[in-house]
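Worth saying up front: this structure is predicted, and the values here are computed from it rather than measured.
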Amino acid sequence: MFFFIVIFLGAFLLFQVQPLIAKVILPYFGGGAAVWTACLLFFQAFLLFGYLYAHLLAKIGDFTKQALVHVVLLLVSLWLLPIGISSLETVSQIINTENVPLLNVLVLLTTSIGLPYFMLSSTGPLVQYWFSLVNHNKLPYKLYSLSNLASLIALLSFPFLIEPFFTGEQQSFYWSVMYFVYALVMLVLLVQIKPLIQTNKAKINAQISNEDKQITTNKYTQWVPLLWLGFSTLGVVLLVSTTNAMTQNVPPVPFLWILPLCLYLLSFIISFHSPKWYVRWYWFALFILTAFIALFMFFIGSQFDITSQVVIYSSILFSACMLCHGELARLKPEVFKLTFYYLILAFGGFLGSVLVAFVAQNVFSQFLEFPLAIVSVFILFSCAVFNEKKHLDRLSVISFSLAILCSVTLWQLNQLYVKTDVHSHRNFYGILSVKDVEVNDNKERRLIDGTTSHGTQSLVSEMANVPMSYYRKNTGIAIALEQLSAINKRNQQSLNVGFIGLGAGTLAAYGKTGDKYRFYELNPAVIDAASHYFSYLTDSKADIEIVIGDGRVSLSKELSANMTGNFDLLVIDAFSGDSIPQHLLTTEAMKLYWQHLKDDGVIAVHISNTHLNLLPLMQGIAKTSIKELVYFKTKAASKDGHDTQWVWLTNNNNLLENITTKTYRTKFANNNNIVVWSDDFSHLLSVLK
C-alpha cells in the first residue's frame with residue numbers, strides 16, 4: 001500500500017509545483033510564453049538528475065546504505081521548506097542582469113525549489129525498483145502508469161481548483177505541507193521494506209545475473225536504447241514546440257501550459273497501462289492526418305479563434321505522443337534494466353528541452369522545431385518498425401516516404417511565407433520579424449511579434465511620419481498625447497511621457513520639441529528593429545530615452561533610487577504576443593505607476609486584444625485606484641485596418657472636460673462583474689472572451 005501512496009504523492013507534488021512556481025516567476029521575465037519553455041528545461045534537467053541519482057543509488061548493493069543516503073537528502077530538503085519567492089528584491093539579488101534570461105530562470109528555480117524537486121524526481125524509478133525487489137516476480141510498469149495518472153490529476157487541479165481559489169502564498173504553503181507528509185510516508189516505506197528486501201536478496205541476485213547474460217547476447221537490444229532516446233526526445237520537443245505554437249499569440253495562462261502537458265502524460269498512461277491500448281496502425285493513420293494539418297497550422301494557425309487553435313494543436317500533439325510513447329512501451333525492457341530505461345527516457349526529455357530552448361533558438365529564426373519534429377516522428381517510427389521486422393516492410397516504407405513528402409511541403413510553404421521578410425530575429429522572448437507588405441497599392445513596413453503586428457510605418461516618404469495602425473489619429477492614445485501637449489503648452493511646459501513597450505516606436509511621432517519620451521523595453525531585438533528598420537525614433541522632435549528591461553521592474557528600481565519619472569502620462573503598451581503581461585496590471589503595479597506620475601497624471605492602457613476582454617479589469621483598477629475610467633474604441637477605417645481600444649485612468653479635470661475627449665470617448669455599460677488582480681492572485685481565465 002505504501003508503494004502506491006508514495007508513488008502517487010511524489011508524482012502529484014512533482015507536477016503540481018510546475019505551474020505553481022512558473023506562474024510565480026513569470027512577472028520577473030516579461031510575462032511571455034518563453035518563461036514556460038525555460039521552466040520545462042529546468043524540470044527536465046532535474047528529472048534527469050533525479051533518475052540518474054536513482055540509477056546510481058540502485059547500484060549500491062546494500063539497501064541500508066541506499067536508505068541512509070536517501071533519508072539524509074530528504075531531511076535536508078525539508079529544511080528548505082517552504083518553497084517560493086518572497087519578493088521582487090529577493091529576485092533582484094538572485095538573478096544577474098548580465099546573464100541571458102534563460103540562465104536567470106534556471107538559477108531562480110534552482111534556488112527556490114531545487115532540492116525538493118530533485119527528491120520528487122527520483123521517487124518514480126527508485127520506488128519502482130524497490131517494489132521489484134520486494135515483489136521480484138511482478139512487473140512495476142503499472143506503477144509508472146499510476147504515477148502519470150497522479151501527475152495528470154495534479155495538473156488538472158491547478159487551473160480549476162487551486163489557481164482560482166488560493167493566493168500564490170497559500171499555494172506554496174499547502175504544497176510544502178503536502179511535501180512534509182510525503183517525506184513521512186517515504187520514511188515509513190523504507191522501514192517497512194528493509195526486512196523484505198534482505199529476505200529476497202539471493203533470488204534477486206540470481207535473476208539479475210541471468211538477465212544480464214541474456215541482454216549481452218541479444219543483438220536486438222543493441223539499437224533499442226537509441227530508439228528509447230529518440231522517441232523520448234521527440235516527445236518533449238513536440239510538447240514544448242506545440243505549447244509555443246499554441247501560446248505565441250494567446251496569453252500564457254497556466255491552463256494553456258497545462259493542457260499540452262496533460263495530453264503528453266495521458267499518452268504515457270494509455271501506452272504503459274496495457275499493450276492492448278496502443279494499436280500501431282490506428283495511431284499511425286491518425287498521426288498521418290494530423291501531421292499535414294500541423295504543417296498548415298504552422299503558417300496559418302493565428303487565423304483561427306482560440307478554441308479552434310487549442311483543439312487542433314491538442315489533436316496534433318496527442319496523436320504524435322501516442323505514436324512516440326506507444327513505441328516506447330513496446331520497447332520497454334525487463335525489470336532489472338528498469339532504472340537504466342528510465343534514465344534514458346529522462347535524458348531524452350532533457351535533450352528535447354535543450355534542443356528547443358538552446359539549439360532551436362540560436363539556429364532557427366522561426367519555430368521550425370515544430371514541423372521538423374513532425375517529420376522526425378515519421379523517420380524514427382520507420383526505424384522502429386525496421387528494427388522489429390529486420391527488413392523493409394510496407395509500414396516502414398510508407399512512413400519514410402511521408403517524411404520526405406512533409407519535408408518538401410514544408411520547404412515550399414516556408415519559401416512563400418518568408419518572401420516579404422526584411423529582417424527576422426529569434427531570442428528568449430520569441431520571434432520578431434520586419435515585413436514589407438502592400439496594402440491598397442501602398443507599401444507598408446510592419447513589425448511582427450509571432451504573428452501579431454506591433455507597429456506599422458508607411459514606405460511612402462510623405463507619409464513616413466504619420467502614426468498608423470493602433471496609434472493613428474483620433475485613437476485614445478493620440479488624443480491623450482495631443483491634448484496633454486496642448487494643455488502643457490498653455491502652461492509653458494513640455495510634456496514628460498513614459499512608455500512601457502516600444503514596438504516600432506510609432507508613438508515617438510507625436511513628440512514635440514522639448515518633450516521627453518522615455519521608453520521601457522524588455523526585448524533588445526525590438527529596440528534593434530525599431531532603431532534600424534523604422535524611422536519614428538530618429539525623426540521624432542522629442543528627446544528620446546530607451547531603458548532596457550521590464551517596465552515594472554525598471555520603474556521599481558528607479559523608485560528605490562529616488563528617481564521618480566514625474567510623468568504627465570504613462571502608457572502601458574507592452575504586448576507579449578497578443579496579450580499584456582499580467583504583472584503590469586495588478587493593484588501593486590498601479591500603485592507603483594501613480595508614484596511616478598504627477599498629481600493630475602494619466603495612465604493610458606492599450607487593451608485591443610483578440611482573445612481577452614480587459615475592460616472589466618480596467619474597471620476594477622479604476623475603482624481600487626479611485627480614478628475616472630475613460631474608454632475609447634476606434635473602428636478601422638478599412639477592412640485591412642485594426643479596431644483599437646484604449647483606456648485612460650485619471651482625475652485630470654482639464655483633460656476629462658476637454659471637448660475632444662467628450663467627442664471621441666466611447667460609452668460602455670457598467671459591469672458588475674469587475675475584475676481585480678494582485679501580484680498574489682490573478683486569474684487570466686476571468687477575462688477570456
Asks: Taking it one step at a time, do Thr475 and Tyr664 satisfy side-chain contact (heavy atoms from CB on, under 4.5 Å)?
Replies: CA-CA 8 Å; Thr475 57; Tyr664 286 97; over 6 Å; no

Asks: CG of Leu615 to CZ of Phe668: how many Å apart, nearest 0.5 Å?
Replies: 5.5 Å

Asks: Identify, with sequence neighbours excluded, every residue that meets side chain to side chain donor-acceptor pair (under 3.5 Å) alongside Trp646.
Replies: Thr644

Asks: Check step by step if side-chain contact (heavy atoms from CB on, under 4.5 Å) holds for Ile487 and Arg490.
Replies: CA-CA 5 Å; Ile487 292 170; Arg490 288 196 294 269; 3.4 Å; yes

Asks: Does Glu558 come within less than 4.0 Å of Arg518, counting only side-chain N to carboxylate O?
Replies: yes

Asks: Just list the side-chain donor-acceptor pairs under 3.5 Å for residues 650-659, sequence neighbours left out, or say none.
Replies:
residue : atom : partner : partner atom : Å
Thr650  : OG1  : Gly601  : O            : 3.0
Thr650  : OG1  : Asn652  : N            : 3.0
Asn651  : OD1  : Glu628  : N            : 3.3
Asn651  : ND2  : Ile626  : O            : 3.0
Asn652  : OD1  : Asn654  : N            : 3.1
Asn652  : OD1  : Leu655  : N            : 3.2
Asn652  : ND2  : Asp600  : O            : 2.9
Glu657  : OE1  : Lys662  : NZ           : 2.9
Asn658  : OD1  : Thr660  : N            : 2.7
Asn658  : OD1  : Thr660  : OG1          : 3.4
Asn658  : ND2  : Gln483  : OE1          : 2.9

Asks: Tell me whether the guanidinium CZ or amine NZ of Lys23 lies under 6.0 angstrom from the six-membered ring centre of Trp36 and within 45° of its axis.
Replies: no

Asks: Under the criterion side-chain contact (heavy atoms from CB on, under 4.5 Å), I'd like the reasoning laid out for Leu295 against Thr409: C-alpha separation, chi angles, the key distance, then a yes or no.
Replies: CA-CA 8 Å; Leu295 294 184; Thr409 304; 4.1 Å; yes

Asks: Can you sort out the partners of Phe428 under ring-ring contact (aromatic ring centres under 6.0 Å, His included), two or more places apart, ordered by chain and number?
Replies: none

Asks: Say whether, by atom type as modelled, one donor and one acceptor occur between the side chain of Asp643 and the main chain of Ala636 under 3.5 angstrom.
Replies: yes

Asks: Quick check: closest heavy atoms across Ser453 and Ile448, and the distance to 0.1 Å?
Replies: CA-CD1, 3.8 Å

Asks: Starting at CG of Leu584, measure out to OH of Tyr520 and round the result to the nearest 0.5 Å.
Replies: 13.0 Å

Asks: In Å, rounded to the nearest 0.5 Å, how long is the span from NZ of Lys591 to NE2 of His596?
Replies: 13.0 Å

Asks: Tell me every residue that passes salt bridge (charged side-chain N to carboxylate O under 4.0 Å, His left out) with Asp421, counting only those two or more places apart in sequence or in another chain.
Replies: Lys435

Asks: For residues 524-533, run the donor-acceptor check on the side chains, cut-off 3.5 Å, and write out each pair with its distance to 0.1 Å, sequence neighbours left out.
Replies:
residue : atom : partner : partner atom : Å
Asp528  : OD1  : His532  : ND1          : 3.0
Ser531  : OG   : Ile527  : O            : 2.7
His532  : ND1  : Asp528  : O            : 2.9
Tyr533  : OH   : His423  : ND1          : 3.3

Asks: Testing Asp550, Asn427, Asp449 one by one against Asn523 for a side chain to side chain donor-acceptor pair (under 3.5 Å), which residue passes?
Replies: Asn427

Asks: Applying the side-chain contact (heavy atoms from CB on, under 4.5 Å) criterion to Leu41, which one of Leu106, Val105, Val356 satisfies it?
Replies: Leu106

Asks: Please indicate whether Lys627 has more than 12 foreign heavy atoms, meaning atoms of other residues, nucleotides or ligands, lying under 6.0 Å from its NZ.
Replies: yes

Asks: Could you pull out the closest heavy-atom pair between Ala604 and Trp648, with the gap in Å?
Replies: CB-CD1, 4.1 Å

Asks: Please list, chain by chain and in numerical order, all residues satisfying side-chain contact (heavy atoms from CB on, under 4.5 Å) with Glu588, sequence neighbours excluded.
Replies: Arg552, Thr586, Ser678, Asp679

Asks: Exactly one of Phe567, Tyr536, Tyr517 should register a ring-ring contact (aromatic ring centres under 6.0 Å, His included) with Phe499. Which one does?
Replies: Tyr517

Asks: If I compare all heavy atoms of Ser458 with all of Met463, which pair ends up nearest, and what's the gap?
Replies: OG-CB, 3.5 Å

Asks: Quick one, Pro467 and Arg472 - any side-chain contact, counting heavy atoms below 4.5 Å?
Replies: no

Asks: Rounded to the nearest 0.5 Å, what's the gap from CZ on Phe367 to CZ on Arg426? Could you check?
Replies: 5.0 Å

Asks: Would you check if the side chain of Asn414 reaches a backbone N or O of Trp411 as a donor-acceptor pair within less than 3.5 Å?
Replies: no

Asks: Indicate yes or no for a side-chain donor-acceptor contact from Asn362 to the backbone of Phe358 under 3.5 Å, with no hydrogens or angles considered.
Replies: yes

Asks: Going by atom types alone, do Asn244 and Thr37 pair a side-chain donor with an acceptor below 3.5 Å?
Replies: yes

Asks: Just list the side-chain donor-acceptor pairs under 3.5 Å for residues 616-624, sequence neighbours left out, or say none.
Replies:
residue : atom : partner : partner atom : Å
Thr624  : OG1  : Gly620  : O            : 3.1
Thr624  : OG1  : Ile621  : O            : 3.1

Asks: Please list, chain by chain and in numerical order, all residues satisfying ring-ring contact (aromatic ring centres under 6.0 Å, His included) with Tyr417, sequence neighbours excluded.
Replies: Phe299

Asks: Under a 3.5 Å distance rule, please check whether Ser540 uses its side chain to pair with a backbone N or O of Ala542 as donor and acceptor.
Replies: yes

Asks: The criterion is side chain to side chain donor-acceptor pair (under 3.5 Å); which residues satisfy it with Glu444, sequence neighbours excluded?
Replies: Arg446

Asks: If the condition is ring-ring contact (aromatic ring centres under 6.0 Å, His included), which residues does Phe370 pass it with, not counting sequence neighbours?
Replies: Tyr313

Asks: If we only count heavy atoms from C-beta on, is the Leu570 to Ile572 side-chain gap below 4.5 Å?
Replies: yes

Asks: What are the two closest non-hydrogen atoms of Gly476 and Thr634, and how far apart are they?
Replies: N-OG1, 4.5 Å

Asks: Please report the C-alpha distance between Lys512 and Lys541 in whole Å, then the side-chain angles of each, then the deciding distance to 0.1 Å, and finally whether the side-chain contact (heavy atoms from CB on, under 4.5 Å) criterion is met.
Replies: CA-CA 5 Å; Lys512 303 287 193 299; Lys541 295 177 182 178; 5.6 Å; no

Asks: Using a 4.5 Å cut-off on heavy atoms from C-beta on, say whether the side chain of Leu592 contacts that of Ser556.
Replies: yes

Asks: Sequence neighbours left out, what passes side chain to side chain donor-acceptor pair (under 3.5 Å) with Gln412? Give chain and number order.
Replies: none

Asks: Between Phe681 and Pro164, which heavy-atom pair has the shortest distance, and what is it?
Replies: CZ-O, 3.0 Å

Asks: Have Gln595 and Thr564 got a donor and an acceptor in their side chains that come within less than 3.5 Å?
Replies: no

Asks: Atom CG of Leu484 and atom NZ of Lys598: how far apart are they, to the nearest 0.5 Å?
Replies: 9.5 Å

Asks: Any donor-acceptor pair under 3.5 Å linking the side chain of Ser308 with the backbone of Phe304?
Replies: no

Asks: Looking at Asp515 and Ser485, what are the two nearest heavy atoms and their distance?
Replies: OD2-OG, 4.4 Å

Asks: Using side-chain contact (heavy atoms from CB on, under 4.5 Å) as the criterion, point out the one residue from His425, Arg445, Gln457 that pairs with Val434.
Replies: Arg445

Asks: Nearest 0.5 angstrom please: Leu597 CG to Asp568 CG, how far?
Replies: 8.5 Å

Asks: Would you please name every residue forming a side chain to side chain donor-acceptor pair (under 3.5 Å) with Asp543, sequence neighbours left out?
Replies: none

